[in-house]
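Whatever order the structure lists them in is the order used to number ligands and atoms, beginning at 1.
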Amino acid sequence: MISIQNVNKWYGDFQVLTNCSTEVKKGEVVVVCGPSGSGKSTLIKCVNALEPFQQGDINVDGTSIADKKTNLPKLRSRVGMVFQHFELFPHLTITENLTIAQIKVLGRSKAEAEKKGLALLERVGLAAHAHKHPGQLSGGQQQRVAIARALAMDPVVMLFDEPTSALDPEMVNEVLDVMVQLAHEGMTMMCVTHEMGFARKVADRVIFMDAGQIVEDCPKEEFFGDINARSERAQQFLAKILQH
Ligand SMILES: Nc1ncnc2c1ncn2[C@@H]1O[C@H](COP(=O)(O)OP(=O)(O)OP(=O)(O)O)[C@@H](O)[C@H]1O
Ligand SMILES: [Mg+2]
């Protein structure tokens, strides 16, 4: 579903991604972890064509991002993205947040978009909040709305960039529960997260990045199974985050 082939990207003289290659199959859940500044967000934004790259290619459901003929807005509309900060429109109600892109980008009628949006709101356990504005919801609730909003576009893949790292600890699980449910339903997911409990529960593979490179890319069982078999850099990283 996602194929990343030898992607290189520079910001000026600084190479932020070096020869990154990996694949995410349909229905697979891949967790991307690694130290701050290692290029995780940049890589995931390249998959959504939010960041350009100079070399290599990424294919999403058979569509090449590097191909100049590709309609990138159309491709983006099929890739759900959830960021650390929920980025809901503050001046719109939850229902409006859930329907605006369905109406404007996919051309759905208001009634159709509302039906879909409300069904998804129900699925993330927030049906009672449809009429509110984002500011009236907790961070965890807003993040669940952001997930519902992405799902309303019928994405072929969902990308997550540290969706729980800005949340108060007691709200992390309600968001992870929604993500676990999605994974179990067979959604193809690429998730930047340091929630190793989530990775252990639902990831098929774990990618570890360091200094712009994919240093490890292996099945979850292998990644967590024998820590001594991991690269030195991954061992240091895991030792730090698994303490908590
Ligand atoms: N717009 C930009 N211009 C120049 N350098 C950038 C830009 N965005 C990111 N970088 C640099 O690229 C590197 C990778 O950044 P990126 O945000 O992808 O890292 P990350 O792994 O997501 O880190 P974090 O865990 O802190 O979110 C960092 O060194 C960062 O400073
Ligand atoms: Mg990041």
* Hey, does the Lys NZ or Arg CZ of Lys220 hover above the aromatic six-ring of Phe224, less than 6.0 Å from the centre and inside 45° of the axis? -> no
* **Residue selection (non-hydrogen contact nearest atom 16 (P) of ligand 1) among Ile44, Asp210, Thr42, Asp161** => Thr42
* Judged by modelled atom types alone, do Gln15 and Asn8 share a side-chain donor-acceptor pair under 3.5 Å? -> yes
* How about Pro52 and Lys9: do any of their side-chain heavy atoms sit closer than 4.5 Å? -> yes
* Check each atom of ligand 1 against the heavy atoms of Glu162 and keep those under 4.0 Å away; list them by number with element. => 25 (O), 27 (O)
* Asked: Is there a heavy atom in Gly34 that sits closer than 4.0 Å to ligand 1?
  -> no
* For Arg230 and Gln235, test the side chains for any donor-to-acceptor distance below 3.5 angstrom and give the result as yes or no. => no
* **Test item: side-chain donor near acceptor, Thr99 and Arg149, under 3.5 Å** => no
* What's within reach of the Mg ion (ligand 2), meaning protein N/O/S atoms under 2.8 Å? -> Ser41 OG
* To do: Look at atom 2 (C) of ligand 1 and say whether a protein heavy atom is found at less than 4.0 angstrom from it.
  => yes
* Asked: Are any non-hydrogen side-chain atoms of Val30 and Ile207 less than 4.5 angstrom apart?
  -> yes
* Considering only protein heavy atoms, determine whether one is less than 4.0 Å from atom 31 (O) of ligand 1. => no
* Asked: What is the closest protein heavy atom to atom 26 (O) of ligand 1, and at what distance does it sit?
  -> Ser36 OG, 2.6 Å
* Asked: In terms of residue, atom name and distance, what is the protein heavy atom nearest to atom 11 (C) of ligand 1?
  -> Phe14 CE2, 4.0 Å
* Structure fact -> Min over Gly12, Cys33, Gly37 of heavy-atom distance to atom 23 (O) of ligand 1 lands on Gly37
* Structure fact -> atom 22 (O) of ligand 1 sits nearest the protein heavy atom Ser41 OG, 2.8 Å
* To do: Could you tell me whether some N/O pair between Gly39 and ligand 1 is separated by less than 3.5 angstrom?
  => yes
* Asked: What pairs of residues pass the side-chain hydrogen bond (donor to acceptor under 3.5 Å, both in side chains) test when at least one of them lies in residues 67-81, not counting sequence neighbours?
  -> Asp61-Arg78
* Asked: Short N/O distance, under 3.5 Å, between Lys40 and ligand 1?
  -> yes
* Counting only heavy atoms not in Lys132, do more than 12 sit closer than 6.0 Å to its NZ atom? -> yes
* To do: Could you list the atoms of ligand 1 found under 4.0 angstrom from a heavy atom of Pro35?
  => 21 (O)
* **atom 5 (N) of ligand 1 [closest protein heavy-atom partner, distance rounded to 0.1 Å]** => Tyr11 CD1, 3.2 Å
* Let me know which of Thr93, Leu121, Leu151 forms a side chain to side chain contact (heavy atoms under 4.5 Å, CB included) with Leu98. => Leu121
* Asked: Does atom CD of Glu232 have more than 12 heavy-atom neighbours, drawn from other residues, nucleotides or ligands, at distances under 6.0 Å?
  -> no
* Asked: If you look at every heavy atom in Cys46 and Ile65, which pair is closest and at what distance?
  -> O-CD1, 3.4 Å
* Is the Phe208 ring parallel, tilted or perpendicular to the Phe237 ring (thresholds 30°, 60°)? -> tilted
* **Residue part near ligand 1, for Val16, under 4.0 Å between non-hydrogen atoms** => side chain
* Asked: Is there a donor-acceptor contact under 3.5 Å from the side chain of Asn97 to the main chain of Leu88?
  -> no
